[in-house]
Protein chains: 2
Amino acid sequence: MVANRRLEMMEETRAKLIQAARKAFAEKGYANASMDDLTAAAGLTRGALYHNFGDKRGLLQAVVDRIDGEMAARAKAIGDAAGDDWQGLLEEGRAYIEMALEPEVQRIVLLDGPAFLGDPSQWPSQNNCLQATLAKVQGLVAEGRLKPVDPEAAARLLNGAALNAALWIAASTEPQDVLAKALEAFRCLASGLLAKAD
Amino acid sequence: MVANRRLEMMEETRAKLIQAARKAFAEKGYANASMDDLTAAAGLTRGALYHNFGDKRGLLQAVVDRIDGEMAARAKAIGDAAGDDWQGLLEEGRAYIEMALEPEVQRIVLLDGPAFLGDPSQWPSQNNCLQATLAKVQGLVAEGRLKPVDPEAAARLLNGAALNAALWIAASTEPQDVLAKALEAFRCLASGLLAKAD
DNA sequence: GGATTGACATACGCAACGTATGCCAATATC
DNA sequence: GATATTGGCATACGTTGCGTATGTCAATCC
């Protein structure tokens, strides 16, 4: 039963480091986060870091994968909850915009991620959020409810629009007000994909 | 006539540093660009840098402002060349996507800029590109050709969509093919803003 | 129960940023 | 026109932080 106690410890170490990194990266940004401070906050040293993640970028990669996965799960749950696929797509967009308001998501996944890891679609995690949106668009195109547009193109542009909306909202002094405007504009843009106006 | 020879020299120094920085930042990224190397390539030392720009971020700021200004000028020229305002908006979007394919623009303005300088709309340069798009959208809304959507919201989401399209294209192995798909999708999305289908 | 593996800590070297200081030419002052 | 002064830029230094090489100790293996 007790299997490998060492592997258990290692998983715990990785979890502690990822947790501390989420906090540090979100607060100071990837570039300004000190690995000494970060590991010390987790009750470890840089030794554990380089042993488990190779280098600083490896840790960022792990953190991004984790958050990206959580985002995709939330978006999928919200999208699936809507009975209608089209409503699901809109809800997913809304969820994406709202999630992007969280400092962790915004700073780590949306700003530092692309800058230090390169284009998100090339990430090993495969950008789960994009995949979720893509699946919905593909379904709607197949049903004929959307114009015969390239599904990947549509999904990517929708995601990009949502991202910028989030950055805008986060920087504004009236987030609620701006959120409403952004969602309305998002609905307008998305409706351009419809085969016929609803 | 000869006015201040020292000020002339200083302008030249600033220009040389900005030029070298454009190259270095585009090739290695902001974080990995060494100020020693960069200034040496310009025939200067870090002394000139800190005297003229304060710090490394100051130089990035100056470079971004410069490129952003050039982009806005090009986009405006292209948009104005179209007789129709709506066509102008689409052309501007196309121009934005295509410009974002240039490594300098992509790496410096779109990736490192937001990561190290924060939200673009907060930049002193005021994000000229966004302003140009915003002006066109405002005009079209006033004419009643677009739905009464918040112009700033629409402009920001359009820009965001274009940006993601560019990242996608740049990372693809078939840029021309992907560019076509992206432009088609962009047209679809934008048409969602129209008061009535054209 | 000794040998070995491996997870993590410790110690070191190096690169790069920012600052303090120095130098020298261009302007100002008389 | 000679001296004083300003300021643009170079030089020198301290500090921080990453990555690697080495050490240590507990958990598994034979």
Side-chain angles (χ1 to χ4, degrees), chain A residues 1-21 23-64 108 112-113 115-117, chain B residues 1-21 23-64 107-108 112-113 115-118:
Chain A
M1 243 333 124
V2 188
N4 256 0
R5 198 154 158 54
R6 303 187 61 158
L7 288 181
E8 288 175 25
M9 293 300 289
M10 191 149 178
E11 270 314 304
E12 193 180 325
T13 295
R14 291 172 61 92
K16 278 195 285 193
L17 287 174
I18 289 177
Q19 183 57 30
K23 192 171 187 305
F25 290 165
E27 285 174 0
K28 313 183 173 216
Y30 173 75
N32 290 324
S34 159
M35 303 305 270
D36 278 319
D37 296 352
L38 186 158
T39 51
L44 296 161
T45 68
R46 289 212 326 277
L49 217 182
Y50 288 95
H51 189 73
N52 281 282
F53 298 99
D55 60 359
K56 191 177 181 182
R57 273 185 73 235
L59 180 58
L60 175 60
Q61 187 79 252
V63 170
V64 164
I108 301 176
D112 287 340
F116 291 98
L117 301 176
Chain B
M1 244 327 129
V2 188
N4 255 1
R5 194 147 162 57
R6 302 187 62 158
L7 289 181
E8 289 174 23
M9 294 300 290
M10 191 150 178
E11 271 314 305
E12 191 180 328
T13 295
R14 291 173 61 92
K16 279 195 287 193
L17 287 174
I18 289 178
Q19 182 58 31
K23 190 170 188 307
F25 290 165
E27 286 175 358
K28 313 183 174 214
Y30 173 75
N32 290 323
S34 159
M35 303 305 271
D36 278 318
D37 296 352
L38 186 159
T39 51
L44 296 161
T45 69
R46 289 212 328 276
L49 217 182
Y50 287 95
H51 190 73
N52 281 280
F53 297 99
D55 60 358
K56 191 178 179 180
R57 274 185 73 236
L59 181 58
L60 175 61
Q61 188 79 252
V63 170
V64 164
R107 178 82 242 184
I108 302 176
D112 287 340
F116 291 98
L117 301 177

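This is a predicted model, so every value here is computed, not measured. Labels below follow one simple rule: chain letters A, B, ... track the order of the sequence lines, proteins then strands, and each chain is numbered from 1.
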> How long is the line joining CG of A/L60 and C1' of D/dC18, in whole Å?
Replying inline: 15 Å
>> Parallel, tilted or perpendicular: which one describes the rings of B/F116 and A/F116, with boundaries at 30° and 60°?
In response: perpendicular
> When you measure from the side chain of A/L44, which nucleotide among C/dT19, D/dG19, C/dC8 comes out closest?
Replying inline: C/dC8
>> Closest approach to the side chain of A/Y50, judged atom by atom: which nucleotide of C/dC17, D/dA10, D/dT20 is it?
In response: D/dT20
> Roughly how far, to the nearest 0.5 Å, is CG of A/L59 from NZ of A/K56?
Replying inline: 9.5 Å
What does the list of N/O pairs under 3.5 Å between the protein and nucleotides 21-24 of chain D look like, with a distance for each?
none

>> When you measure only distances, ignoring hydrogens and angles, does the side chain of A/R46 come within 3.5 Å of the base of D/dG17 through a donor and an acceptor?
In response: no
> If you look at every strand shown and take non-hydrogen atoms under 4.0 Å, does A/A31 touch a base, only sugar-phosphate, or nothing?
Replying inline: nothing
> How long is the gap from CZ on A/F25 to CG on A/N32, to the nearest 0.5 Å?
Replying inline: 11.0 Å
> Rounded to the Å, how far apart are B/N52 CG and D/dG7 P?
Replying inline: 14 Å
>> Could you tell me how far apart A/L49 (CG) and C/dA7 (C1') are, to the nearest whole angstrom?
In response: 13 Å
> Counting only N and O atoms by type, is there a donor-acceptor contact under 3.5 Å from the side chain of B/R46 to the main-chain atoms of B/M35?
Replying inline: no
> Contact class for B/A40 (heavy atom, under 4.0 Å): base, sugar-phosphate, or nothing?
Replying inline: nothing
> Roughly how many Å is it from CD in A/E11 to P in C/dC8, rounded to a whole number?
Replying inline: 10 Å
> Reckon A/S34 touches a base, only the sugar-phosphate, or nothing at all at heavy-atom distances under 4.0 Å?
Replying inline: sugar-phosphate
> Could you state the NE2-P distance from B/H51 to C/dA25, rounded to the nearest angstrom?
Replying inline: 17 Å
